[in-house]
Structures are given as structure tokens and as C-alpha cells.
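Note sheet for the following structure.
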There are 2 protein chains.
Amino acid sequence: MRMQTEALQIRPRRYILSERPDTSACQMCEVRGRGLCSTLSDTELDALALISERVKLSSAQIFIEEDAPARYFYNVTSGMVKLYRSLPDGRRQITGFAGPGHFLGLAAVKTYGFGAETIEASRVCRFSRADFARITQQYPNLERRLLAEASHELVIANDQMLLLGRKTARERVASFLLGRLEEDFGRVIPEMPQLHLPMIRNDIADFLGLTVETVSRTLSWMRKENMILSGRDHSITIMAPDRLEALAQLTL
Amino acid sequence: MRMQTEALQIRPRRYILSERPDTSACQMCEVRGRGLCSTLSDTELDALALISERVKLSSAQIFIEEDAPARYFYNVTSGMVKLYRSLPDGRRQITGFAGPGHFLGLAAVKTYGFGAETIEASRVCRFSRADFARITQQYPNLERRLLAEASHELVIANDQMLLLGRKTARERVASFLLGRLEEDFGRVIPEMPQLHLPMIRNDIADFLGLTVETVSRTLSWMRKENMILSGRDHSITIMAPDRLEALAQLTL
DNA sequence: CGAGCTCTTGATTCTCGTCAAGAAGGGTGG
DNA sequence: CCACCCTTCTTGACGAGAATCAAGAGCTCG
């Protein structure tokens, strides 16, 4: 296992990989109960285990390059990843954040329609698409699940387009916080939930189609209005989820 | 065949339907060679024909309502449809335009994640999802094609998010025109191609996250710069595709 | 402990939205 | 077939919200 430090600009190092193809390792995977894997049978999982490869990634590693040939699918097992699309001049739109259980690679035809970079140390599970195709032949249910996953992502993408095209800065930030809440807690949200946001302001800005300054100002304003409370290490306590919801103009 | 004129606000009438479940009607369908259907075998098409229903729609008819239970898939066979997502206060984001061959309904889980309204008289082919599910069991290839379709839509959605979050008004309009070009001509674009745009300015604005005025001003500016030439009945001649491309900041 | 990211806040600018009005175009009914 | 009306499109004047530019404080990590 070597470090391949191919620097590109200042930004992040390219990725390197590690370790073990193993039978039935999926059974004891930390995301066995989440996302795609939670919907698969034991036999299906065993088949997947045989073609999967676990990969350890440090922070700020690009492991999917935009428009590169799409050779792999990934499943995030720990940490968090940002997905993005960018312009030649460097402007960038983050299209989503992917945490444990999130499946990556559906937004690809021959090549990836997005790039992926870790925002903290993470682990992912990697499958070659060729291997994957062979398995889906055998287990049609797997393909059905992928389609369901893709459908879900399309719905989310539609909502994000609405946000980017039509919401104000405040509405965007409110929507973002509520989105994170749902990600962390599901539908049942506690009284004063605490959020841990691994991404930096700049990433939030790139996700919401804003600038860092605007995100910062908006969060400051929410703080002043007692809607949120910032703690240390990027944690935020949501003091008034209802007021945020009113702000966010949620569709659902 | 009746007209069901259930007015909602001023805007569009609800939809009504017509006619004929028929065996092997797909074989002679006008979109046999386009989109999903072009990738299916004759036997697969025959199976589809049995569960399909052709529907005639006049202009400005909403035939998919946002968040309604997703009971049907559709395939546009003629005309053009706009897909959108909107906020309670009426702000609206058009997420795409669908012409002949376009498959509708993938962006849905239990309910549709979008609404659909015709922008001109159109015809669509309708399948119940339940029927469809039965057929995909029998023909796994069909499901594979749907997944490919969904993947493609996800890539497009990513690009649209980049446009909405990060491009300027001029870049957006240029990207839109080029997108339409590709839609109409494929990859090989003539010297001075002529575009027919069935959608009105307001729809373009809602698609690009702008206002009508900005779209109008931007097109006027392009006209002044001799990049385009407006004809009658919503046709536009692209005088300088290369200059538009430079403006659009295309990723691919 | 210090260099370089982050984050915040202020001042200023500018792009695009809003408001307004008139022209052009299309559809409908007489 | 024409007249009328309503929608669409364009253009101008103005304003607002977010971007840009700038500076300093706070963190992190080597």
C-alpha cells in the first residue's frame, strides 16, 4: 500500500486504495442496515461481497473525477463525501453530500457526470461496474433497487433545482439545515436537535449556489434571531425547527 | 370522449383522455425509433403495447400533478411538455422540457416529484405503473433500460444544478439555446441552424431561474451582437454557434 | 508556535429583479 | 374575416439582494 501523491494545483491529492476482497464481508458491514444494502437479501449481499473492495480515504481526496470513464460504483461506509460539477474557470456546484449508506455512481453514462471528494476521513466500498453488471443479471432485484435509488435521487435533484433557481439566500440556508436534520434524525426530529456539519462554509455555499460571505451572514442572522446556536467544531443547535420550516418554504 | 373542464385558478384545464388499448400498436408508433422504445425488442414492445393507452392532450393541460400518487408512466409521442416543481407561493422551477420519445415518471417514489403540463397540443402514451412492474419482471432488459434512462437524467440534472447555482444570465441563456440545438439536431449541428422554441419566454425564465425580463433582455443583447436572429412564430436562427458555446461555459 | 485555512463582518458594487408601460401577436366570437 | 381582448414580448427606470473586495479574528495542524 503506497501513497500516490500526484498533486493537482494546490487542492487535494489523488486517491489511493487498500485491501481485501472477502466472502460475505457485507454481512458485518457498518452500513448493512442502511441505504441500498439494507434492501438486499443475504445471498445478494454475499454475491456483492465477492466483488467489493473496501477503500480507506483521508480527508480532501478526490476519488471520482468529473467526466472520467465510469468504471466503479461506490458505497460510502463512513465519513462524508461531496459530489460536484464544475466549470472550466473553477466555479463549482456541489450537487450533494453523501454519508454512510449512500450509493455513488448512478449519475453516469459512459463517464461520471460528477466528481467526488471526501470532506473528512472516510471509507468507501468499491465495485467494478462490469462485475456489478454480471451480478445484476443474476439478481434482478438488485437492479430494481438501483432504479428505486435513482428515482429517489431524481426527486431530490428536482427539489434542489427549485432551491437553486427560485429560493432566496435565507430560504436556501434554512432548507439546507432542515435537510441535514432529516438526514441525521429521519422524520422524527427532537425538540432542540444538534447538528454536526462536517462540511466547511465554502462547501455549503457551493451547495446552495451562494458565496461564503452570504452563508456566514445568513447564519449570523439566524443566530441573532435565536433560530440556531453555534457550538464548537461545526456543531449547530436548532432552537426553532418550526421557524426554520416556515422560512424554508418546504414543498413536502 | 368527454371534456372535463375542471378549472383551477385561471391557468390550465385538467386533462382528459382517450382511446384504444391495442396489440402491437407500438410497432408503428411515431416514436418507435426514439428514446426508450428505440432500445426495446419487438416482443418487449408488444408486451408494452398491451398495457399502453394513447392519450391526446390540448395545450396547457396539466396531466401530472406534483405530489400526486404516481400511478402512471408516460411517454411523449408528439408535442412538448414542461416538467416543474413549485413553491406554495407560486414560484416555479421548470426542471425540464420533454418532447417526442421522452419518458416521464422516473422522478417519483410513491408520489410524483414533479408536475407536468403541455406547452402545445401533444400526445402521450400512458402505462399504469402496476402493469409496468409486471412486465419488467418478465423482461429484465426493460428495467435495465429504465435505469440507463434514469442515469442519463441524473447527469442532466447535475448540469442543470451547475447552471442554476453558478452561471450568469447570459451563460444560462446561451446554454439553453445550445441545449435545444442538441435536442433538435443531435451532435451534428448545421452552419446556421434554426430553432423552433415552442415554450414562451416565461417558461424559459422558469427553466433558467431568471425572470422574463432578463431572458428578453439577454436575447435582445444576443440579437444586437449578431449571435442570433429571431424569426416569426418563436423561431430563432443561431448565427454563431461557436460564440454561443464560448459564452455558455460548457462542461462537456 | 506559527502559517495558512476558515469564519465573520463591513463597505461597496453590480447583476438581476421589480415595477411600469406600451407594442406586438394570437385566438375567439360575432 | 375582422375587431377586440388578453397574453406575450420588449424596453426603460429604479431598487434590492447577493457578490465582490477588504480586513481582521479564530482555528488547526504540522
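Treat the numbers as computed from the prediction; the structure is a model and nothing was measured.
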(request) Any chance you could lay out the side-chain hydrogen bond (donor to acceptor under 3.5 Å, both in side chains) test for B/T95 and B/Q160, step after step, and finish with the verdict? (result) CA-CA 8 Å; B/T95 56; B/Q160 190 66 4; over 6 Å; no

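A/R170 has its CZ atom 14 Å from the P atom of D/dA16, to the nearest Å. One can place CZ of B/R201 at 14 Å from C1' of C/dA23, the figure rounded to the nearest angstrom. Atom C1' of nucleotide D/dA19 and atom CG of A/D206 are separated by 14 Å, given to the nearest angstrom. Rounding to whole angstrom units, CD of residue A/E120 and C1' of C/dT6 are separated by 17 Å. In this structure, NZ of B/K224 is placed 11 Å from P of D/dT11, rounded to the nearest angstrom. Between the CG atom of A/N202 and the C1' atom of D/dA19 there is a distance of 14 Å, rounded to whole Å. Look at NZ on A/K167: it is 18 Å from C1' on D/dA18, rounded to the nearest Å. The interatomic distance linking A/E171 (CD) with D/dA16 (C1') rounds to 15 Å, in whole Å.
Near DNA chain D, defined here as any heavy-atom distance below 4.0 Å, the residues from residues 213-223 of chain B are B/E213, B/S216, B/R217, B/S220, B/R223, listed numerically.
Rounding to the nearest 0.5 Å gives a distance of 8.0 Å between CD1 of A/I94 and CG of A/N202. Between the OH atom in B/Y74 and the CZ atom in B/F103 there is a gap of 11.5 Å [rounded to 0.5 Å].
When distances run from any side-chain atom of A/T168 to the nucleotides C/dC16, D/dA18, C/dG17, the shortest one goes to D/dA18. Closest to the A/A169 side chain, of the nucleotides C/dT18, D/dA18, D/dA19, is D/dA18.
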Taking only distance into account, with no hydrogens and no angle test, what donor-acceptor pairs under 3.5 Å do side-chain atoms of residues 230-239 of chain B form with protein atoms, sequence neighbours excluded?
| from | atom 1 | to | atom 2 | distance (Å) |
| --- | --- | --- | --- | --- |
| B/S230 | OG | B/R223 | NE | 2.8 |
| B/S230 | OG | B/R223 | NH2 | 3.3 |
| B/H234 | ND1 | B/L197 | O | 3.2 |
| B/S235 | OG | B/Q194 | NE2 | 3.1 |
| B/S235 | OG | B/R232 | O | 3.4 |

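Shown are B/L210, B/V173, B/L208; of these, the side chain to side chain contact (heavy atoms under 4.5 Å, CB included) with B/T218 is made only by B/V173.
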(request) Would you give a per-nucleotide map of nucleotides 23-30 of chain D, 5' to 3', where B means the base has a protein non-hydrogen atom under 4.0 Å away, S means only the sugar-phosphate does, and - means neither? (result) ----S---

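The two residues B/S175 and B/L163 have their closest heavy-atom pair at CB-CD1, 3.6 Å. Of all heavy-atom pairs spanning B/E120 and B/P198, the tightest one is OE1-CB, 3.7 Å.
Using a distance-only test at 3.5 Å, with no hydrogens or angles considered, no donor-acceptor pair links the side chain of B/R166 to the main chain of A/R91.
For B/A240, the side-chain contact (heavy atoms from CB on, under 4.5 Å) partners at least two apart in sequence or on another chain are B/D242, B/R243. With sequence neighbours excluded, the residues forming a side-chain contact (heavy atoms from CB on, under 4.5 Å) with B/A68 are B/E65, B/Y112, listed by chain and number.
Taking the charged nitrogens against the carboxylate oxygens, A/R92 and A/E66 have no contact shorter than 4.0 Å, which rules out a salt bridge.
An end-to-end axis angle of 50° holds for the helix from C/dC1-D/dG30 to C/dG30-D/dC1, taken from five base pairs per end and rounded to 10°.
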